[in-house]
Amino acid sequence: MKRIILTGGGTAGHVTPNIALLPTLRELNYDIHYIGSYNGIERKLIEEMDIPYYGIDSGKLRRYFDPKNFTDPFKVLHGYKQARKLIKHLKPDVIFSKGGFVTVPVVISAHRKHIPVIIHESDMTPGLANKLCIPSADKVCCNFPETMKHLPENKAVLTGSPIRQELLSGNKLNALNFCGFTANKPVLMIIGGSQGSAVVNDAMRGILPELLKTFQVIHLCGKGKLDSSLDHLEGYIQFEYVKKELADLFALTDVCVSRAGANAICEILALRKPNLLIPLSANASRGDQILNADSFENQGFSEVLTEDQLAPTILISRIMKLYNNRADYIAAMETSEQSDAISKIISLIEDLSR
Ligand SMILES: CC(=O)N[C@H]1[C@@H](OP(=O)(O)OP(=O)(O)OC[C@H]2O[C@@H](n3ccc(=O)[nH]c3=O)[C@H](O)[C@@H]2O)O[C@H](CO)[C@@H](O)[C@@H]1O
């Protein structure tokens with residue numbers, strides 16, 4: 001039996017693609033283990049899947065000043081020692097890393113032990129953690145064709161992003177019951193990224209009375225971001241984060257308003273949901289969501305509004321445009337040649353773990 005260690009964490013976007021690989025890895029009889037941080041979102045998401053989970057220390061590598069910059073180097077060092085010990089003990093045949101700071105010590109220690117490493121980058125340009133990992137990786141998978149030019153030629157492979165297959169077979173009726181909604185009114189789902197987005201939440205809650213005239217609204221608002229004053233509103237339901245119910249909620253959804261995280265938008269595309277994207281601004285990130293959103297807009301899949309365009313009248317009119325022209329967006333999305341990411345990645349894993 002071959003043994004694989006999966007790693008990735010920090011936000012759900014660094015975990016859900018690993019989860020998407022699990023059914024095929026299980027079919028192929030891999031002995032699967034996971035290394036993540038002690039308390040990151042990955043711990044909860046992975047332990048539920050009955051996979052042995054090992055927590056290690058993880059410091060964040062920040063490019064800005066923060067008092068934690070003085071303590072985190074010690075955590076990083078400790079995390080490296082823990083990763084080295086785990087790799088020595090588990091002796092995996094291959095490592096697959098989805099990125100995030102916690103993966104850096106895992107990838108570097110595996111490489112030093114001559115264990116093959118595959119890493120995956122979901123965004124247009126490699127994030128800092130993956131940049132540090134590229135020299136230790138045998139293969140670097142990416143989601144967008146535009147990313148290939150940022151990667152070493154002998155390592156880069158365009159695979160696309162693995163999507164949890166269960167998302168494609170949700171049940172509308174289950175979602176109607178779960179939300180207490182009627183079948184006679186369209187449904188708009190708001191997805192603020194895996195951690196939720198205060199900017200998107202505020203903008204959308206600001207136009208709720210207007211929205212509810214046309215739509216029923218499902219709001220995935222992020223941990224700690226529920227607004228109890230809205231609980232009584234008919235046709236509005238909010239969740240901090242949904243897991244297995246997401247497939248059903250997607251099945252019920254007519255249009256989405258979403259952040260432009262790489263995984264969320266690939267799922268929205270695979271499900272052909274007309275969507276308005278509100279990318280995370282370049283002040284708060286390296287601007288990758290803006291590139292993601294631009295690419296989707298140019299292909300006719302999405303409407304895009306930047307954070308400084310979120311005035312209520314603009315927001316409402318773009319959502320109505322999206323809804324009224326939904327057939328056009330769906331037709332554009334039908335032309336997308338989304339690749340079969342899961343089988344491409346699995347064959348890399350099979351090749352390298354021989
Ligand atoms: C703030 C931040 O740094 N965001 C980054 C992070 O986003 P983030 O972690 O939000 O990642 P994505 O939008 O790519 O993925 C979110 C994942 O969580 C799932 N989900 C979400 C809500 C929910 O209730 N249930 C649920 O299962 C989605 O289906 C998706 O699979 O990683 C992405 C991929 O590297 C980047 O593009 C984003 O810029």
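Both counts, for ligands and for their atoms, begin at 1 and track the order of listing. Owing to the predicted nature of the structure, the values given are computational and were not obtained by experimental measurement.
Annotation: atom 32 (O) of ligand 1 to nearest protein heavy atom, Thr11 OG1, 3.8 Å. Looking at atom 14 (O) of ligand 1, its nearest protein heavy atom turns out to be Asn263 N, 2.7 Å. The protein heavy-atom contact nearest to atom 35 (O) of ligand 1 is Asp123 OD2, 2.9 Å. Among protein heavy atoms, the minimum distance from atom 18 (O) of ligand 1 is reached at Ala12 CB, 3.5 Å. Looking only at protein heavy atoms, the nearest one to atom 11 (O) of ligand 1 is Gly13 CA, 3.4 Å. Of the protein's heavy atoms, Tyr241 CE1, 3.7 Å lies nearest to atom 21 (C) of ligand 1. Closest to atom 4 (N) of ligand 1, if we only count protein heavy atoms, is Gln289 NE2, 3.7 Å.
Judged by the shortest distance from any of its heavy atoms, Glu121 lies outside the 4.0 Å radius around the atoms of ligand 1. Within the structure, the closest approach of Arg164 to ligand 1 falls below 4.0 Å when heavy atoms are considered.
Under a 4.0 Å N-O distance rule, the pair Arg259/Glu307 qualifies as a salt bridge.
Closest heavy-atom approach to atom 29 (O) of ligand 1 within the set Glu267, Arg259, Glu240: this belongs to Glu267. The nearest non-hydrogen atom to atom 8 (P) of ligand 1, considering only Cys266, Pro162, Ser194, comes from Ser194. Closest heavy-atom approach to atom 25 (N) of ligand 1 within the set Val242, Leu291, Asn130, Ile290: this belongs to Val242.
Side-chain contact check for Asn18 and Tyr34: at least one donor-acceptor pair (N or O, by modelled atom type) lies under 3.5 Å. A donor-acceptor contact under 3.5 angstrom links the side chains of Gln299 and Ser295, judged on distance only. Looking at Tyr241 and Gln195, their side chains never bring a donor and an acceptor atom within 3.5 Å of each other.
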Are Ile163 and Cys266 close enough, and set up right, to give a side chain to side chain contact (heavy atoms under 4.5 Å, CB included), and what steps lead you there? CA-CA 8 Å; Ile163 288 174; Cys266 286; 4.1 Å; yes
Would you check, one step at a time, whether the test side chain to side chain contact (heavy atoms under 4.5 Å, CB included) holds for Tyr53 with Ile35? CA-CA 6 Å; Tyr53 184 93; Ile35 302 182; over 6 Å; no
Set out, in order, the CA-CA distance, both residues' side-chain angles and the distance that settles side-chain hydrogen bond (donor to acceptor under 3.5 Å, both in side chains) for Thr253 and Lys273, then state yes or no. CA-CA 8 Å; Thr253 295; Lys273 298 292 170 186; 5.9 Å; no
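Only side-chain heavy atoms of Leu220 come within less than 4.0 Å of ligand 1; its backbone N, CA, C and O stay farther off. Using a 4.0 Å cut-off between heavy atoms, Ile265 makes no contact with ligand 1 at all.
A single hydrophobic cluster is seen to contain both Val242 and Leu173, as judged by linkage of ILVMFWY side chains at heavy-atom distances under 4.5 Å, directly or through other members.
Listed by number with element, the atoms of ligand 1 under 4.0 Å from a non-hydrogen atom of Leu246 are 26 (C), 27 (O), 29 (O). Atoms of ligand 1 lying under 4.0 Å from at least one heavy atom of Thr16, given by number and element, are 17 (C), 30 (C), 31 (O). Applying the 4.0 Å criterion to heavy atoms of His14 picks out, from ligand 1, the atoms 35 (O). Of all atoms in ligand 1, listed by their number and element, those nearer than 4.0 Å to a heavy atom of Gly193 are 10 (O).
Looking at ligand 1, you won't find any N or O of Gln195 less than 3.5 Å from one of its N or O atoms. Considering backbone and side-chain atoms alike, Leu167 places every N or O at 3.5 Å or more from each N or O of ligand 1. Checked against a 3.5 angstrom limit, the closest N/O atoms of Leu280 and ligand 1 fall outside it.
Using a 4.5 Å cut-off on side-chain heavy atoms (C-beta onward), Leu280 and Ser197 make no contact. The side-chain heavy atoms of Asp138 and Lys155, taken from C-beta on, include no pair separated by under 4.5 Å.
Between Tyr323 and Phe215, the angle of the ring planes goes over 60°, which puts this pair in the perpendicular group of the 30/60° scheme. Using cut-offs of 30° and 60° on the angle between ring planes, the pair His33 and Tyr54 is parallel.
Between the CG atom in Asp227 and the CG atom in Asp202 there is a gap of 9.0 Å [rounded to 0.5 Å].
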